[in-house]
Amino acid sequence: MDTPPIRKSHKLDNVCYDIRGPVLDHAKRLEEEGQRILKLNIGNPAPFGFEAPEEILQDVMRNLPTAQGYCDSKGLYSARKAIMQECQRKEIPGVGIEDIYIGNGVSELIVMAMQALLNDGDEVLIPAPDYPLWTAAANLSGGRPVHYLCDEQADWAPDLADIREKITGHTRAIVIINPNNPTGAVYPPAVVRELLEIARQHDLVVFSDEIYDKILYDGTEHVATGALAAEDQLVVTMNGLSKSYRCAGFRSGWMTFSGNIAKQRAEDFLQGINMLASMRLCANVPAQHAIQTALGGYQSINDLILPGGRLLAQRDITYERLNAIPGVSCVKAKGALYAFPRLDPKVFNIRDDQQLVLDLLLQEKILLVQGTAFNWPDPDHVRIVTLPWADQLEDALDRFARFLSRYRQ
């Protein structure tokens with residue numbers, strides 16, 4: 001008698017994370033065959049020579065003997081105190097020690113927050129393009145992600161009219177990703193205020209993903225969403241060490257809750273967060289010892305983003321080389337580690353952008369991510385990570401240009 005297959009849960013039917021999806025499986029196969037693949041699919045600083053500051057590594061090592069047991073489910077007091085002081089520096093009011101939760105990266109906290117808030121059928125407004133974990137977490141939690149468009153012609157700013165049109169009686173929250181992954185947009189305070197006003201009018205929880213808030217170019221300034229919100233608005237801010245401090249493998253992130261009046265109304269939601277935080281016992285304790293040193297120490301990220309810095313130079317190379325390719329246009333990133341170029345449909349006629357990135361992988365041994373993986377509705381964009389050394393980037397973009405010169409679907 002044939003035994004039936006063991007199938008995955010239906011909860012995963014609409015969950016997708018193509019940054020590490022089917023095309024990556026092809027890349028792994030090619031690597032197993034001995035071929036070298038340039039992976040421009042994930043914002044992972046370490047493989048490209050971006051190492052964590054030595055003082056952070058030393059503090060983690062020195063504290064290993066006392067980091068063997070569980071800590072408070074919200075995180076080490078010293079780490080949360082440093083995050084509280086960082087919130088004060090950013091002028092986010094009302095964030096106390098008990099309003100801070102440390103997680104195994106922001107990724108864990110996004111899933112935790114969605115699970116604590118959403119009932120089946122609840123809707124969350126998420127930008128398109130987005131960081132796809134937000135969409136995946138909403139689906140996994142039984143909610144329904146509703147994507148509001150960002151306007152490429154307006155430096156990828158959110159389309160406020162589109163947001164208003166998509167709010168229904170089921171909408172519970174809105175997600176703001178600023179600085180934005182994948183577009184590199186950094187929203188001016190006036191835009192964030194308008195988003196907050198929409199959220200206030202419709203009593204929405206605001207989730208603000210600010211993991212790239214220190215990776216800014218050309219004098220661009222970032223203002224925290226929580227610093228602009230009213231006291232009666234609940235703002236959940238996500239941040240961590242992965243990008244600005246090049247500690248991606250440490251999996252050390254945090255979320256903070258601000259809005260003193262709103263927190264009183266949100267007591268039941270916060271109890272849900274406490275329950276989920278307790279169920280996983282605590283976040284990685286050794287990595288939490290990096291937080292106080294990182295936030296309070298020398299901000300070495302500035303050496304990388306100011307004139308003469310690697311990240312700035314690589315952003316410039318990517319922007320210039322992409323815009324020099326016939327049929328390709330790219331908005332200059334003001335922050336983060338990515339470019340999100342548009343491939344003119346009249347030139348390339350791309351109908352399947354996953355096939356595009358697979359063909360690029362097979363022909364040029366370069367791994368990108370298709371734009372639809374970021375919930376962009378049309379197959380006319382790709383995301384390129386700008387982390388490789390300048391000569392690597394130049395070579396990769398030359399090969400990308402050569403590939404596009406002969407590629408049609």
Side-chain angles (χ1 to χ4, degrees), residues 110 122-139 143-213 220-226 228-230 233 235-238 328-336 338-346 350 353 369-383:
I110 289 172
D122 284 347
E123 296 175 356
V124 182
L125 289 162
I126 300 173
D130 69 342
Y131 175 57
L133 182 64
W134 283 104
T135 295
N139 277 316
R144 177 174 174 259
V146 176
H147 294 100
Y148 64 86
L149 294 175
C150 296
D151 185 355
E152 190 167 11
Q153 303 305 312
D155 287 340
W156 288 111
D159 185 330
L160 302 175
D162 190 58
I163 292 173
R164 292 188 180 97
E165 288 177 2
K166 289 175 175 172
I167 293 174
T168 72
H170 298 287
T171 310
R172 296 290 309 280
I174 184 170
V175 175
I176 302 170
I177 304 175
N178 178 37
N180 187 267
N181 172 10
T183 67
V186 180
Y187 304 150
V191 171
V192 178
R193 286 192 179 96
E194 291 186 87
L195 292 168
L196 285 167
E197 181 56 28
I198 292 172
R200 190 178 189 189
Q201 289 170 5
H202 297 275
D203 193 27
L204 306 180
V205 176
V206 178
F207 292 103
S208 190
D209 184 340
E210 303 181 10
I211 190 73
Y212 297 98
D213 67 338
T220 302
E221 294 185 8
H222 174 270
V223 179
T225 302
L228 302 172
Q233 288 190 279
V235 177
V236 186
T237 303
M238 308 284 187
V328 177
S329 60
C330 185
V331 177
K332 182 180 279 189
K334 294 181 179 177
Y338 314 100
F340 198 63
R342 179 177 184 267
L343 311 182
D344 189 340
K346 295 178 181 178
I350 305 300
D353 56 354
V369 183
Q370 67 273 19
T372 54
F374 302 93
N375 294 292
W376 183 246
D378 301 311
D380 59 358
H381 285 75
V382 295
R383 190 191 73 167

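Only heavy atoms go into these numbers, but all of them, side chains included; no hydrogens, no water, no symmetry mates. Quantities reported herein were computed from a predicted structural model and do not represent experimental measurements.
Taking CG from Leu160 and CG from Leu149, the interatomic distance works out to 12.0 Å, rounded to the nearest 0.5 Å. In this structure, the separation between CG on Asn178 and CD1 on Ile211 is 13.0 Å, given to the nearest 0.5 Å. Here Asn180 contributes atom CG and Trp156 contributes atom CH2; the two are 9.0 Å apart, rounded to the nearest 0.5 Å.
Ile176 is not listed as a side-chain neighbour of Pro127, based on a closest heavy-atom distance of 4.5 Å or more. No side-chain heavy atom of Ile174 sits less than 4.5 Å from a side-chain heavy atom of His202. Proximity of Leu195 to Thr225: side-chain heavy atoms (C-beta onward) are nowhere separated by under 4.5 Å. No side-chain heavy atom of Arg172 sits under 4.5 Å from any side-chain heavy atom of Val205. Put simply, the side chain of Asn375 does not reach to within 4.5 Å of the side chain of Ile126, judged on heavy atoms.
More than 12 heavy-atom neighbours from other residues, nucleotides or ligands sit within 6.0 angstrom of CD on Gln201.
No side-chain donor-acceptor contact under 3.5 Å links Asp130 to the backbone of His147.
Side-chain contact annotation: Ser208 with Glu210, donor-acceptor N/O pair under 3.5 Å present.
Residue Glu123 forms a side chain to side chain donor-acceptor pair (under 3.5 Å) with just one option from Arg144, Lys166, His170, and that option is Arg144.
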Could you go through Tyr338 and Phe374, starting from their C-alpha distance and side-chain angles, then the distance that decides it, and tell me whether this counts as ring-ring contact (aromatic ring centres under 6.0 Å, His included)? CA-CA 13 Å; Tyr338 314 100; Phe374 302 93; 8.0 Å; no
